[in-house]
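Notes follow once the structure below has been shown.
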2 protein chains.
Amino acid sequence: MLSKKTKYGLKALTYLAAQKDKQPVQIAEISKKENISQKFLESILLSLRKTGILGSKKGKGGGYYLIKEPKEILMTDVMRILEGPIALVPCVSLNFYEKCEDCPDEKTCSVNKLMLKVRDANLAVYRNNTLADLVST
Amino acid sequence: MLSKKTKYGLKALTYLAAQKDKQPVQIAEISKKENISQKFLESILLSLRKTGILGSKKGKGGGYYLIKEPKEILMTDVMRILEGPIALVPCVSLNFYEKCEDCPDEKTCSVNKLMLKVRDANLAVYRNNTLADLVST
DNA sequence: AATTACCCTATCTATTTAATAGAGTAAACA
DNA sequence: TGTTTACTCTATTAAATAGATAGGGTAATT
């Protein structure tokens with residue numbers, strides 16, 4: 001199941017991408033328009049800023065804005081920041097690889113075998129989609 | 001993240017599929033060989049039996065066995081039983097559809113848009129893989 | 001009839017998710 | 001320069017879920 005964090009994050013990013021100008025948008029505005037708890041949204045936008053997806057401006061007229069063009073923002077990056085590893089088990093993860101402690105041999109492990117295919121399929125989707133693809137035209 | 005329930009279930013099914021004869025295999029044997037808590041495994045195998053994947057035999061010489069040939073057992077069915085809906089959000093689920101309460105319009109929802117593609121990609125994998133594909137040769 | 005192994009219910013703990021509160025800090029503008 | 005505005009951080013809490021465990025009950029073989 002997709003976490004609300006990811007859901008909210010995607011909606012917020014899409015909202016920012018749909019802006020005509022590149023003026024900062026206040027958290028309160030996004031939270032209101034997209035039905036998201038403001039405080040929760042704060043932490044989500046913060047993590048997107050710290051990982052280089054968003055920029056922020058303080059003071060009057062401040063808010064959050066996209067650093068790059070929507071079509072330059074890959075879903076692989078967004079999903080890894082918001083949802084964590086794309087792989088469903090650590091032993092098939094590209095960026096967060098870990099050996100399973102209970103599994104004697106990855107080569108013959110059926111879970112590993114299936115999840116490798118699942119990872120590749122998901123990766124293909126996330127690599128072929130950018131934030132621009134999520135904005136309704 | 002894949003639940004341990006699914007992980008254990010897949011390993012148990014693979015273990016059964018790898019049997020030469022079709023004699024029932026005891027829970028204790030699978031639990032020992034695959035490093036799975038026996039009680040937890042009991043409940044997993046039970047749900048697989050109730051959904052028509054496994055058969056069971058009681059008494060001496062009893063245990064669990066596959067009802068169909070491994071290549072007839074689709075991963076779509078197995079995953080739905082063990083892990084639940086394949087879709088990451090209910091609004092794109094084929095078998096468990098539900099409207100999102102916080103989303104005004106699915107047609108313009110960016111989350112819906114992305115998750116639809118993710119669902120299709122995952123579905124393709126699960127439809128093209130059977131239990132036979134998980135057994136190491 | 002006794003054994004074996006499935007079957008069911010209930011409980012418990014740890015972890016994670018989601019939401020909330022409150023205080024602090026930095027930048028913009030008058 | 002000071003006030004406003006809005007971002008930033010820490011901590012707390014409630015709810016849900018996962019995972020594991022215990023113990024007893026029941027049905028089918030031999």
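Letters A, B, ... mirror the listed sequences (proteins, then strands); counts begin at 1.
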Look at the side chain of Thr51(A) and the backbone N and O of Ser47(A), then say whether any donor-acceptor pair between them is shorter than 3.5 Å.
yes
Gap between atoms [atom1] and [atom2], on [X] and [N] respectively (whole Å):
{"X": "Gln26(B)", "N": "dA28(D)", "atom1": "CD", "atom2": "C1'", "value": "14 Å"}
{"X": "Leu48(A)", "N": "dT8(D)", "atom1": "CG", "atom2": "C1'", "value": "15 Å"}
{"X": "Leu41(A)", "N": "dC7(D)", "atom1": "CG", "atom2": "C1'", "value": "12 Å"}
{"X": "Phe40(A)", "N": "dA15(D)", "atom1": "CZ", "atom2": "C1'", "value": "14 Å"}
{"X": "Lys39(A)", "N": "dT8(D)", "atom1": "NZ", "atom2": "P", "value": "12 Å"}
{"X": "Glu42(A)", "N": "dT5(D)", "atom1": "CD", "atom2": "C1'", "value": "13 Å"}
{"X": "Tyr65(A)", "N": "dA6(D)", "atom1": "OH", "atom2": "P", "value": "16 Å"}
{"X": "Gln38(A)", "N": "dC7(D)", "atom1": "CD", "atom2": "C1'", "value": "11 Å"}

For the CE atom of Met75(A) and the CD1 atom of Ile86(A), what is their distance to the nearest 0.5 Å?
11.0 Å
How many angstroms lie between atom CG of Leu88(A) and atom CG of Leu114(A), to the nearest 0.5 angstrom?
9.0 Å
For [X], which contact category applies under a 4.0 Å heavy-atom criterion: base, sugar-phosphate, or nothing?
{"X": "Lys7(A)", "answer": "nothing"}
{"X": "Lys4(B)", "answer": "sugar-phosphate"}
{"X": "Leu45(A)", "answer": "nothing"}
{"X": "Gly63(A)", "answer": "sugar-phosphate"}

5'-most contact on DNA chain C (nearest-nucleotide basis), Thr6(A) vs Lys60(B), goes to Lys60(B)
Passing candidate, side chain to side chain contact (heavy atoms under 4.5 Å, CB included) with Ile53(A), options Leu45(A), Ile81(A), Leu131(A)
Ile81(A)
Which one, dT21(D), dA28(D), dC7(D), comes nearest to the side chain of Ser37(B)?
dT21(D)
Taking atom types as modelled, find out whether Ser93(B) and Glu98(B) have a side-chain donor-acceptor pair closer than 3.5 angstrom.
no
Under 3.5 Å side-chain donor-acceptor pair for Glu83(A) and Ser3(A)
yes
Please confirm whether the shortest side-chain N or O distance from Ser56(A) to OP1 or OP2 of dA6(D) is below 4.0 Å.
no
What is the 5' to 3' range of DNA chain C, first to last nucleotide, that sits under 4.0 Å from any heavy atom of chain B?
dT4(C) to dC8(C)
Over 12 foreign heavy atoms within 6.0 Å of NZ, Lys99(A)
yes
